[in-house]
Every structure is written in structure tokens, then in C-alpha cells.
Amino acid sequence: MQEVLQELNPQQRQAVLHTEGPLMIIAGAGSGKTKVLTTRIAYLLSKGVNPFNILALTFTNKAAKEMKERIQKILQNRNAVNLFIGTFHSVFARILRYEAQHIGYPSNFSVYDTDDTKGLLKSIINQLNLDEKKYKVSSVLHRISDAKNNLISPKDYLENPKIQQEDVFRKQGSLGKVYEKYCEECFRNGAMDFDDLLLNMYRLLTQIPESLHKYQHKFKYILIDEYQDTNYLQYQITKLLAAAHENICVVGDDAQSIYSFRGAVIANILKFDKDYDNVKKIILEQNYRSQQNILGAANAIIKHNKSQIPKNLWTNIPAQEKIKYLQNTNDSDEAKKIVEIIKEQSLRHHYEFNQFAILYRTNAQSRTFEESLRRQNVPYKIYGGMSFYQRKEVKDVLAYLRIIVNPQDNEQLKRIINVPARGIGKTTIEKCLIISAEKNISFYEVLVNSQHYDFRQSTATSLQNFCTLIQYLRTLTAKHNAYELADTVCKQSGLFKELKEDRTVEGIARYDNVQELLNSIKEWTELPDDESGELIDKSLGAYLQQITLLTDADNESEVEQKSVKLMTVHAAKGLEFSCVFVVGLEEGLFPNSQILQSAEDLEEERRLFYVAITRAKAKLWLANALSRYKFGQITYNESSRFIDEIPQEFVEKLIVKSHFFNESFSKPVDYDFEQNKTGFSKNVMSENPIEISPSTHTKVVGLDSKGVYHQHLGNYKIEQKINHPKFGLGTIINLEGDAHNPIAHIKFNKFPTEIKRIFLQYAKLEIIP
DNA sequence: CTTTACCCACTTTTT
DNA sequence: GTGGGTAAAG
């Protein structure tokens, strides 16, 4: 242990040794955050702390897995079982299964992923006879999720006049009813969605005093990774858990907060020292990852953001090559050029392919790169997008398995009752649901007793056969492990038969996917029992418990390990590569225009860019394209403002000549790094509070600095009432910016105390006459 | 009830 | 360029 401590710098060591009392570690990019966390846990254990008393929470399975492995390494043979290291969701799921009876759930409750959730919401929207066009599932889900994460129950929701008014305005007046019904249905199905795992943990702690006491005393030491990404609910839970011992250590970096879109509250970390007395605050500022030019650029960029904890990241690594900025004619050139560079670099500097990463803002951008990589025979692996477990055929098999374990789960039942087609159609399912509601019994019970209800003879037989199948599979659970059951499901249900008959390319791929699923289940059942001799449950139930919260297949094949990695910037957080390409740096794409509706959103995009470039150790390329296909149509984009924000000393610009078009087609723009061409960022960053002058209310907007009137802004004027897709109703109080970047100061009914600055060119405002 | 054909909306990020 | 959902035909 001593040697391990010697490897740390003074701040890191301090963070490890300060074990008692609240501790807040601001860990800059590449400052050895994981090292500190893992060493800290190892240190606690070496001091004789019982692993049973330690809780470490992360946001991703990958982070949890890495921490476990690194602790194991430090401890060598010492015993590290019983440590609670995992994601918020998986740790709480584990606790909730154990405590299920306290909150009225079965301990084998299902966990709904986003697809399951959306399916249920959709059927509820239909049941309530609401217009699917107005109640778009994704927006409904988002709003419900927001409510849950802010501890607003369906009752609170329905009784809150402000929320109701807002919903009516959004033409989703019945959203509260949808929310209420959704919660009821989930409960009836014995299912929890991702938010419920947090919410029910909160309920357990607040409603069952014994449980609160139990877990407060169990978890004497609490560590939370990526604390800047916690939402209100997670914040409340950790506060409850830590209340008894206050040995809570949070690690995070406000500059890397990129999840506010799903409710993360940066203030949780910014105000941590207000939550506890005697908070020890440590800032890790030495960066061990990137060379000077990259770190210099990163520091310069993040300075454009207003609110952040001041820090000065530095590195001992001497400056190497400058950052290269590649401006391409179009998106396929961008991809082609980058793949050429990868090949050249790997030859000349002996980089392995796995030392390259291509990072983009949106998943859709991966396709062009995929084509180019394939054409040039470079091995690659794309992360994200449609994950293995989201595929139809895989979900179908899993749905069978989940029904076997939890027959209450109507969503899974509806999913597979007619897969493969067995003559049970829409009308029959509706009829079953009606009976189920009338007799107040579950869908599954209707099937079991189908002979008592008048179904057509052929339908009745189909239902009987399906029922017999499920009953038979259920009898197998006691004696057979997860793999044997899954295999039987595929054979007996006819899924295999159906897939085998489909000889199309996609059909074969689907069959292979199911085979792969079976293999992975088999591998799982054959995992050795823990070294401690703890017998691991190989039942189907145990398998399903861990599978739902698993996002991507963690075990990479050897080929994949040697491949160029492609992923979104979000997915790259926490990773590092020798050579990084950040691509698609265009206005509208990165920063992305769909979310650029306020200055705060721009800051988040900038943090995202900061995360992107700090992934690079030695070499960094920034790339964009003057034109790009979107929906099969060519769009023309200006280069990203973020490129202009990097001081010239760190960058070298290269204009890539098109391979396909002549010069006149490409219009290279000369960039002057010193000067901000748009004059835009300066405005945005202004820290002066906005003054409202009542005398200006008749001013018509659209006047630029020279007093020229601009037609397209004619609709926006002071006191104009508007509706914003995200913030709702509001009134324009003032206008600024020039014709190219008009900004409105808007007071929203939802936020009576603040004035938001909205970029008119991005915001989709509706004018209220 | 099933299959096929067309149409449409979609592209921000994820546990 | 995709995949999912709906409508009409079988």
C-alpha cells in the first residue's frame, strides 16, 4: 500500500488519506481521478474497513467494472468481495430486489428499458384516446421522467396549476392522466423503469425508517464518481444515505458536465460545500494525459464559459505537434481524408489502429466513416447506436424469458404473444385486455382461463397452445439454468424455425444475433463461481436481473480491440486515445442547433467540445466539411465557432482540396484566429445583467447595428408573446445582436425570476398573436 | 389474420 | 437512407 501511495502527487495523496468527513474532489480532465478513487478504496480496506461498509456509485457499467478491476489489482489477493461498486441503477436495483416487499413490489420485478417504456406509453396514449400526433411518445416520456426525477408524483402533477397550465399550453392537457396511468400500469406489471429504480430507492429510504437506518449504517463510506452528472433525485438519495456518517466523497469536474439534458444538475457539485459542514475541497490540476498544445487549447476553450470552478490545468508533457484543423469540401471527403491520415500515421509512427478514435456529435455521422473505413480496409468498431440488446430478435427472446419469470409483465406478453405469428392478432389482444380490465385479473390469467370467454374456435386453440407453451417453460425454471431455458424457448416457440426460413441477408443476421445471445447466456452460466467460494446463482431470474441494466456487450473480441474506435463525444467521456479526430465541427452540427436555444445550452456544447479534445494524448485533428448530406439533401454549413475559440498558437490549418470537385466549388474561408468573426460569442459571454428599459417597448426588432431593417425578424418585437418548445410561454422583453445572430431576452412564465437569452435563429418560437 | 407496399419522420446525447 | 407504422389487399 505504501508504494501505491508514493506514486500519487500531493493532492491525490491528500484525497486518498482524507477518509473521514465530507470530501469534494474537483478532478480536471486526465488528472488521475479513477486512480484516486480506486486507491482510496484500497486504502480504506487496508486500514481494516469492512468492504461491506463501502458504497461506490458510478454512472456507467464500464466505469464500475474498471474500478473493480483496478482495486483488485492494487489489493492483489486480498478480498474485495461484498464491495458495493456499481451504477446508481444497478446498485439500487439490487437493494430494491432485496427490500421489494417494503414497497409492494415482487422481488423479481422487471426493469423496463426505454423501448419497453415507450411501448407502454404508446398503448396508454391510445387507451385514453389521445392524439398520437400531439402526444409524441418521446416528449411524453421526457416530461414524465422529469417529473419523477424532481419528485413530483402523479398526484402533485395533477394538482399543480402551473404544470397543468403548461401542459394545456403544450396541447397535452391530459399528460397528468397519462403519467398517473403509466405509474399504475408499471406497478401492475411488476415493472420499474430506469427512473423508478431511483425513485423507489428514495421511497424506501424516506418511508421505511428501518431501511433508512439500515443502509445509513451499512454504507459508512460513500464514494460518488462524476458527481456533476447527478440529478435532483440522485442528489437527495445520496444525501439521505450519507447523513449518518457523512463520510461522503464526491468526485467530478464541472467542466465536463454534459448531461444536463437528462436532468443533471451541475449545482450539485458547485454547492457541495454548502450541504455539509467542514467540507474538505481538493482540486486535481495536474494533467497526465495530453501534451501542451492540446491542453492549452482545452484551457482556452473552457474559459469562454461563465460559471465554473476556477482551475488551472497544467502538464509536464512537453508540446508536440500542433492541433491540425482540416477543412474539407464535403462529408465524404472528410471521412476519406481522415482514414487516409489514420493509415499514414499507423505506418509512419507505428500506431496500432486501436490508438485512434473518431469522435462525432451525432450517431448519424458514423455512416460516412464506416463506408470509408471499410473501403480502405481499416478495422473499426462503432460504439453506440443500436445496441445488441435493443435488436428486435434479441428483445423477442428476452421477452419470452422475462414472461417466464414475471408473468404479470403485460408489455412483454403483448410483444411475443404473436411472435412468431400464431394467429393471435390485434382484435384478440384488445379483447383480452378488455376482459382483463373488467374482471380485474392479469392478461396472463385471461389466457390461462381463455376457455371461459367466448373466443372463436381457432383463436381459442391458438391461445391454449401459447398458454401451454409458457406453462411448460415455467415448469422448467426450477431445474434448468438460464442457457437451457433460453435454448428451449428458441426451439419450442418456433422462433428458430421462423428465422431459419428467412434466407435474406438481414434474416441470416437476425438468426446469428439470436445465436450470439444464446452463446452469451451460455458463457454467463459457465462463469466460474467467485474466488471466495460464493455460489453464484445461474438461474434465469439471476440472469435477467443483470442483463437489463447492461447496455453494451462489454467483452470485445480480439479484432475489435485492434480497431479504430468510432463513437459520440458523450460516449468517449472518461476514455483516452493517442490520436483523436473530432469531426463535423460545423455550426448547427457541433454546436448542434437543435439544442442551441439558450446561452446555457451553448455552454454545455462547449463543455462537450472540451471533453472531446481532452481525450487526446498526443495528436489531435479537428475536421469539418463545407457541405454535408442531411436527409439525402446537401446542406452548407459554416465552420464551428469552437474552432475560432482556440488560440492560433496551438493550431495549424489545412484546407483539404476536394477529390471530386474543382476549386470553384469549394469556397475556403480564411480564418483569423485572433478576431471573432461573428462578434457573437462576445455578446453571449457578457456577464452584465440584462437591463429592461420600459421605454423601448415599441421598438421593432431586426434593426442591425447600421439601422438596416431585416424582414425576417419583423415578427419579433418587444412585448411579443411567444411559445418556446422547451420553456413554454413567455414574453420578449428586449432584443440584441445583429441581423445574423439576433438574440431575444425572454421572460418565461415558468421562470418568473429570470430572463433567458434566446438565439432567434435557432429557437423554434411560435408567435402568439 | 397476415402480408405487402407505401409513406413518413427521423437525427442529440443515455442509465 | 433508414426503419417503423399504417392502410389496403390477399
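Computed over heavy atoms, backbone and side chain alike; hydrogens, waters and symmetry mates excluded. Sequence lines set the chain letters: A, B, ... in the order given, protein chains first and strands last, and positions in each chain run from 1.
- Consecutive Watson-Crick or G-U pairs involving DNA chain B, each under 3.5 Å on both distances, make up stems of three or more pairs at B:1-10 with C:1-10.
- Residue-to-nucleotide proximity on DNA chain B shows that, of A:A364 and A:Y259, the 5′-proximal contact is made by A:A364.
- Mapping A:K630 and A:N418 onto DNA chain B via the closest heavy atom, the residue that lands nearer the 5' end is A:N418.
- Distance CZ (A:R422) to P (B:dC1): 14 Å, rounded to an integer number of Å.
- There is a side-chain donor-acceptor pair under 3.5 Å between A:T230 and A:N268.
- In the set B:dT15, B:dT2, B:dT13, B:dT2 carries the atom at the smallest distance from any side-chain atom of A:A421.
- Taking the C1' atoms as reference points, C:dG5 lies 23 Å from B:dT12, given to the whole Å.
- The NE2 atom of A:H142 sits 11 Å away from the C1' atom of B:dT13 (whole-angstrom rounding).
- Note: CG (A:N637) to C1' (B:dT11) measures 14 Å, nearest angstrom.
- Here the side chain of A:N406 pairs a donor or acceptor atom with the backbone of A:G190 at under 3.5 angstrom.
- Distance from the side chain of A:A571 is smallest to B:dT14 among B:dT11, B:dT14, B:dC1.
- Here A:F88 does not lie in a stacked arrangement on the base of B:dT15, lacking the combination of planes under 30° and ring centres under 5.5 Å apart.
- Judged by a 6.0 Å distance limit and a 45° cone about the ring axis, A:K565 is not positioned over the six-membered ring of A:Y383.
- Between A:H89 atom NE2 and B:dT14 atom C1' the separation is 9 Å, expressed in whole Å.
- Comparing B:dT12, B:dT15, B:dC1 by their nearest atom to the side chain of A:N592 picks out B:dT12.
- Of the candidates B:dT15, B:dC10, B:dT12, the closest approach to any side-chain atom of A:K136 belongs to B:dC10.
- Counting to the nearest Å, the C1' atom of B:dT11 and the CZ atom of A:F261 are 14 Å from each other.
- Put simply, the side chain of A:D196 gets close to the backbone of A:D193: a donor and an acceptor are under 3.5 Å apart.
- Partners of A:Q457 under the side-chain hydrogen bond (donor to acceptor under 3.5 Å, both in side chains) rule, at least two apart in sequence or in another chain, are A:T461.
- Among the nucleotides B:dC1, B:dT15, C:dG4, the one closest to any side-chain atom of A:T427 is B:dC1.
- Side-chain proximity of A:E132 to the nucleotides B:dC1, B:dT15, C:dT6 is greatest for C:dT6.
- Contacts of A:F194 with the nucleic acid, taken as non-hydrogen atoms under 4.0 Å apart, include base atoms.
- Looking at A:F642 and A:E605, their side chains come closer than 4.5 Å, going by heavy atoms from C-beta outward.
- Here B:dT12 presents its C1' atom at 11 Å from CD1 of A:I258, a figure rounded to the nearest Å.
- For B:dT14, the OP1/OP2 oxygens have a side-chain nitrogen or oxygen of A:T568 closer than 4.0 Å.
- Within the nucleic acid shown, A:S90 has no heavy atom closer than 4.0 Å to any nucleic acid atom.
- Taking every side-chain heavy atom of A:T362 into account, B:dT13 is the closest of B:dT13, B:dT15, C:dT6.
- Rounded to a whole Å, the CG atom of A:N149 is 13 Å from the C1' atom of B:dT14.
- No side-chain heavy atom of A:S90 sits under 4.5 Å from any side-chain heavy atom of A:R94.
- The A:T87 side chain lies nearest to B:dT15 when the options are B:dT15, B:dT13, C:dG4.
- No side-chain donor from either of A:Y610 and A:Q256 sits under 3.5 Å from a side-chain acceptor of the other.
- Look at CG on A:N363: it is 14 Å from C1' on C:dT2, rounded to the nearest Å.
- Here A:T635 pairs with nothing under the side-chain hydrogen bond (donor to acceptor under 3.5 Å, both in side chains) rule; sequence neighbours left out.
- Contacts of A:R456 with the nucleic acid, taken as non-hydrogen atoms under 4.0 Å apart, are absent.
- Between B:dT14, C:dG1, B:dT15, one nucleotide has an atom nearer to the side chain of A:R367 than all others, and that is C:dG1.
- Of the side-chain N and O atoms in A:T428, one or more sit less than 4.0 angstrom from OP1 or OP2 of B:dC1.
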